[in-house]
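Beneath this line is the structure, given in structure tokens, with notes to follow.
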Amino acid sequence: MEILQNLGLGLATAAEPVNLLFCFIGVLLGTLIGVLPGIGPTATIAMLLPITFGFEPATSLIMLSGIYYGAQYGGSTTAILINLPGESSSAVTAIDGYQMAKQGRAGPALATAALGSFFAGTVATVLIALFAPPLTEVALKFGPAEYFSLLMLGLVASVALAHGSVIKALGMIVIGLLLGLIGSDVNTGAQRFTMGFLELADGVNFVAVAVGVFGIAEILRNLEDESDREVMVKKVTGLFPSKEDFKAAWAPVVRGTALGSILGILPGGGAVLSSFAAYTVEKRISKTPERFGKGAIEGVAAPEAANNAGAQTSFIPMLTLGIPANPVMALMIGAMIIQGIQPGPNVAVEKPELFWGVIASMWIGNLMLVLLNLPLIGLWVRLLTVPYTVLFPAILAFCCIGVYSVNSNAFDLYAVAAFGLLGYVLVKLECEPAPLLLGFVLGPMLEENLRRAMTIFRGDPTVFFTRPLSAGLLIVAVLVLVVVFLPSVRKKRDEVFQEE
Amino acid sequence: MQINTRDAAAGVIFIVIAGLFALGTQELTIGTALRMGPGYFPLVLAGVLGLIGFITLFKAVGKAPSPMTGVPWRGLILILGAPVVFGLTLRGLGLGPATALVVAISAFASRRATLVMAASLTVGLTIFCVLVFSFGLGLPVPRIGPWLTF
């Protein structure tokens with residue numbers, strides 16, 4: 001049993017005291033920012049990237065991933081208790097969770113969310129362990145043509161599954177790709193679009209882009225509306241769900257886990273889409289759909305299981321192919337590159353302790369999260385009383401120091417301001433920033449593989465269609481694009497996201 | 001005739017960015033598909049972006065306008081200014097004073113900021129940041145910079 005051996009290696013890595021400590025710090029931070037509305041895992045991970053510089057690669061990735069799935073747990077607490085999603089992925093949880101809380105059943109709602117998430121996390125960990133190795137095998141056989149087509153598919157799919165206008169999202173991807181090309185050309189050394197700035201020779205600092213587009217733009221958006229957050233927190237009593245609750249919740253948890261695991265793997269999927277889809281499914285198959293929106297426990301159990309499953313399985317394409325499914329995974333890739341690791345199928349072969357350590361740490365992290373979330377719920381609730389006015393200067397100070405520490409270069413701070421402005425303008429125009437970040441990470445890879453493919457195949461662009469694997473991937477990409485533009489599908493897609 | 005300014009503006013921005021990158025490829029070798037120069041791929045992308053920009057623009061015409069929320073101008077200027085000030089002063093003033101500046105500037109970005117709150121926030125966060133980043137993580141920046149030591 002190779003998988004057991006691998007998981008054993010992973011557990012041994014994850015159980016090293018340093019890694020345990022940082023796994024704990026990660027999930028703790030994740031819960032914290034998950035609970036607080038207005039600051040999400042993407043911005044947090046972007047801020048902390050520079051700090052992880054000095055860590056071992058495994059330690060750094062273990063902590064950063066802990067933030068991501070930890071935020072899924074924390075987000076539900078806010079959603080249930082104050083009807084405000086701490087994270088966008090728990091927006092649907094608020095619908096029924098808050099109703100349960102109003103009926104005095106906040107305890108069971110919180111417990112269902114936490115236990116459902118734990119179940120989903122455990123299943124997703126096993127799924128990653130099962131599916132990552134075969135995918136890696138396939139990916140190792142990929143040539144540049146296949147890689148190019150795969151990247152195209154990833155980019156297209158990330159647009160299709162995101163919300164908002166498809167055409168604008170495509171535009172954002174291309175802007176990201178172009179920004180990613182700034183700097184010295186790898187093949188010729190020519191300076192591209194650097195406008196004479198020596199600081200841009202190595203390209204635009206990834207952390208500056210991420211902090212600007214996600215962190216700064218997010219603060220500005222929050223400053224638009226400074227209305228009061230109502231914190232109505234009654235004492236949470238009777239944490240444990242009754243027998244009836246368990247009976248009603250287990251099937252939705254299983255379905256949510258399955259749906260979330262599948263959607264998480266798809267580019268553009270991940271936690272947000274998973275939770276929306278799971279809620280829609282539960283409502284549709286329920287015998288009593290009228291209970292939804294009025295405190296149905298299924299409406300909490302399914303999306304919470306789904307968002308955690310989705311958050312975790314989105315690691316599969318990142319770990320095996322080096323392709324990020326969502327902005328958080330793009331940041332993970334950034335973290336690997338900072339550490340000097342070339343993301344892609346080679347990671348599993350060359351650094352098994354890193355690869356399996358991260359996977360095993362997820363299960364440990366999930367266990368910590370259940371323990372952190374249920375008994376300490378009172379503490380998290382109190383956190384909600386911290387006003388945003390206090391929060392964002394702290395965020396900004398951490399961002400500034402963090403960005404500077406990557407290269408010890410003041411230029412990166414000016415880049416933060418510039419990308420903050422760009423990000424805010426684009427958000428105002430309803431252009432999602434996530435595709436831009438994906439494009440930015442993938443731009444150099446896309447160009448490199450295109451050039452290599454063209455050199456190998458003598459400048460013949462038809463290779464992408466004559467090599468079967470590559471052609472297959474491109475056909476899927478075209479199909480995805482066609483399907484999204486079909487009017488009927490478009491309507492459905494809007495429906496899924498409208499409840500936000 | 002109706003026009004959705006938001007989409008139209010997005011289209012125009014796409015076109016402008018495409019144009020800037022296309023201009024930037026002027027000084028680069030374009031090459032052929034077989035031997036791609038550094039300008040080849042960016043030029044193709046700029047073309048695609050321009051096309052997307054025009055489509056976005058055309059689709060905006062005749063679409064109902066969508067409401068825009070106000071821009072928090074004061075916040076915008078202060079929040080974007082803070083990292084710039086930090087970058088300009090970090091080497092000279094040192095980590096402590098530069099951090100204090102960032103916090104003080106950004107604290108006033110909120111319309112609800114009060115002097116007392118901003119001051120206590122500045123002191124508290126500066127001490128925290130210096131402890132964590134300088135003493136804890138050993139960031140190689142002087143705590144008090146040369147501009148302040150005589």
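Everything numeric here is computed off the predicted structure, so don't read it as measured data. Atom set for the values below is all heavy atoms of this structure, side chains included, hydrogens, waters and symmetry mates excluded. Here is the naming used below: chain letters follow the sequence lines, and residue numbers restart at 1 for every chain.
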CD of Glu448(A): more than 12 outside heavy atoms within 6.0 angstrom? yes
Is Ile79(B) close to Phe392(A) at the side-chain level, that is, under 4.5 Å between some pair of heavy atoms? yes
For Ile456(A), is it the side chain, the backbone, both or neither that has a heavy atom under 4.5 Å from a heavy atom of chain B? neither
Give the minimum heavy-atom separation between Phe41(B) and Gly443(A), together with the two atoms involved. CE2-O, 4.1 Å
Side chain from CB out, backbone as N, CA, C, O: work out which of these in Val186(A) comes under 4.5 Å of a heavy atom of chain B, or both, or neither. neither
Distance in Å, Met172(A) CE paired with Leu49(B) CG, rounded so as to fall on 0.5 Å steps: 10.5 Å
Can you tell me if CZ on Phe411(A) sees more than 12 non-hydrogen neighbours from other groups inside 6.0 Å? yes
Can you tell which part of Ala397(A) gets under 4.5 Å to a heavy atom of chain B, answering side chain, backbone, both or neither? both
A side-chain contact here means heavy atoms from C-beta on lying under 4.5 Å apart; do Val403(A) and Pro83(B) qualify? no
Counting heavy-atom pairs under 4.5 angstrom with chain A, the leader among Ala10(B), Gly75(B), Pro42(B), Gly24(B) is Pro42(B)
Donor-acceptor contact present, side-chain Arg192(A) to main-chain Pro38(B), <3.5 Å: yes
Residue Cys431(A) versus chain B: region with a heavy atom under 4.5 Å: side chain
Check each atom of Leu45(B) against the heavy atoms of chain A and say whether the ones under 4.5 Å are side chain, backbone, both or neither. both
Note: vs chain B, highest number of non-hydrogen pairs under 4.5 angstrom among Val416(A), Asp460(A), Leu170(A), Leu450(A) is Leu450(A)
Identify which part of Ile55(B) has an atom lying under 4.5 Å from any heavy atom of chain A, answering side chain, backbone, both or neither. side chain
Greatest number of heavy atom pairs closer than 4.5 Å to chain A - which of Val141(B), Thr99(B), Val84(B): Val84(B)
Note: vs chain A, highest number of non-hydrogen pairs under 4.5 angstrom among Thr25(B), Leu121(B), Ile17(B), Thr5(B) is Leu121(B)
Grab the two heavy atoms, one from Arg91(B) and one from Ser408(A), that are nearest each other, plus how far apart they are. NH2-O, 3.2 Å
Shortest non-hydrogen contact from Ser106(B) to Leu396(A)? CB-CD2, 3.4 Å
Applying a strict 4.5 Å limit to non-hydrogen atoms, the region of Phe21(B) in contact with chain A is both
Quick one: CD1 on Ile13(B) to CG on Leu422(A), what's the gap to the nearest 0.5 Å? 7.5 Å
Please answer whether the main-chain N or O of Arg35(B) pairs with a side-chain N or O of Arg451(A) as donor and acceptor at a distance below 3.5 Å. no
Inter-residue atom distance Leu80(B).CG - Tyr424(A).OH, 0.5 Å rounding: 10.0 Å
Pairs of heavy atoms under 4.5 Å with chain A: top-ranked of Val48(B), Ile52(B), Thr126(B): Ile52(B)
Interatomic distance, CE@Met454(A) vs CE@Met36(B), rounded to 0.5 Å, equals 5.5 Å
Check whether any side-chain heavy atom of Thr56(B) lies under 4.5 Å from a side-chain heavy atom of Lys168(A), and answer yes or no. yes
List the atom of Ile167(A), the atom of Lys59(B), and the distance in Å for their closest heavy-atom pair. CG2-NZ, 4.1 Å
Out of Leu421(A), Leu220(A), Leu178(A), which one racks up the most heavy-atom pairs below 4.5 Å with chain B? Leu178(A)
Which bit of Thr29(B) comes within less than 4.5 Å of chain A, counting heavy atoms only: side chain, backbone, both or neither? neither
Leu88(B) side, atom CG; Leu413(A) side, atom CG - distance, nearest 0.5 Å: 9.0 Å
Against chain B, label Thr455(A) side chain, backbone, both or neither, depending on which of its atoms sit under 4.5 Å from a heavy atom there. both
Starting at CD1 of Ile401(A), measure out to CG of Leu95(B) and round the result to the nearest 0.5 Å. 5.0 Å
Given heavy-atom pairs under 4.5 angstrom as the criterion, report whether the side chain, backbone, both or neither of Leu181(A) touches chain B. side chain
Considering non-hydrogen atoms only, spot the tightest contact between Leu429(A) and Ala9(B) and give its length. CD2-CB, 3.7 Å
Quick one: of Thr32(B), Val103(B), Val71(B), Leu51(B), who has the most non-hydrogen atom pairs under 4.5 Å with chain A? Val71(B)
Ring geometry between Phe398(A) and Phe128(B) (parallel below 30°, tilted from 30 to 60°, perpendicular above 60°): tilted
Looking only at heavy atoms and a cut-off of under 4.5 Å, which of Gly212(A), Pro393(A), Ala410(A) has the most pairs with chain B? Pro393(A)
Nearest heavy atoms of Ser110(B) and Thr389(A), plus distance in Å: OG-CG2, 3.3 Å
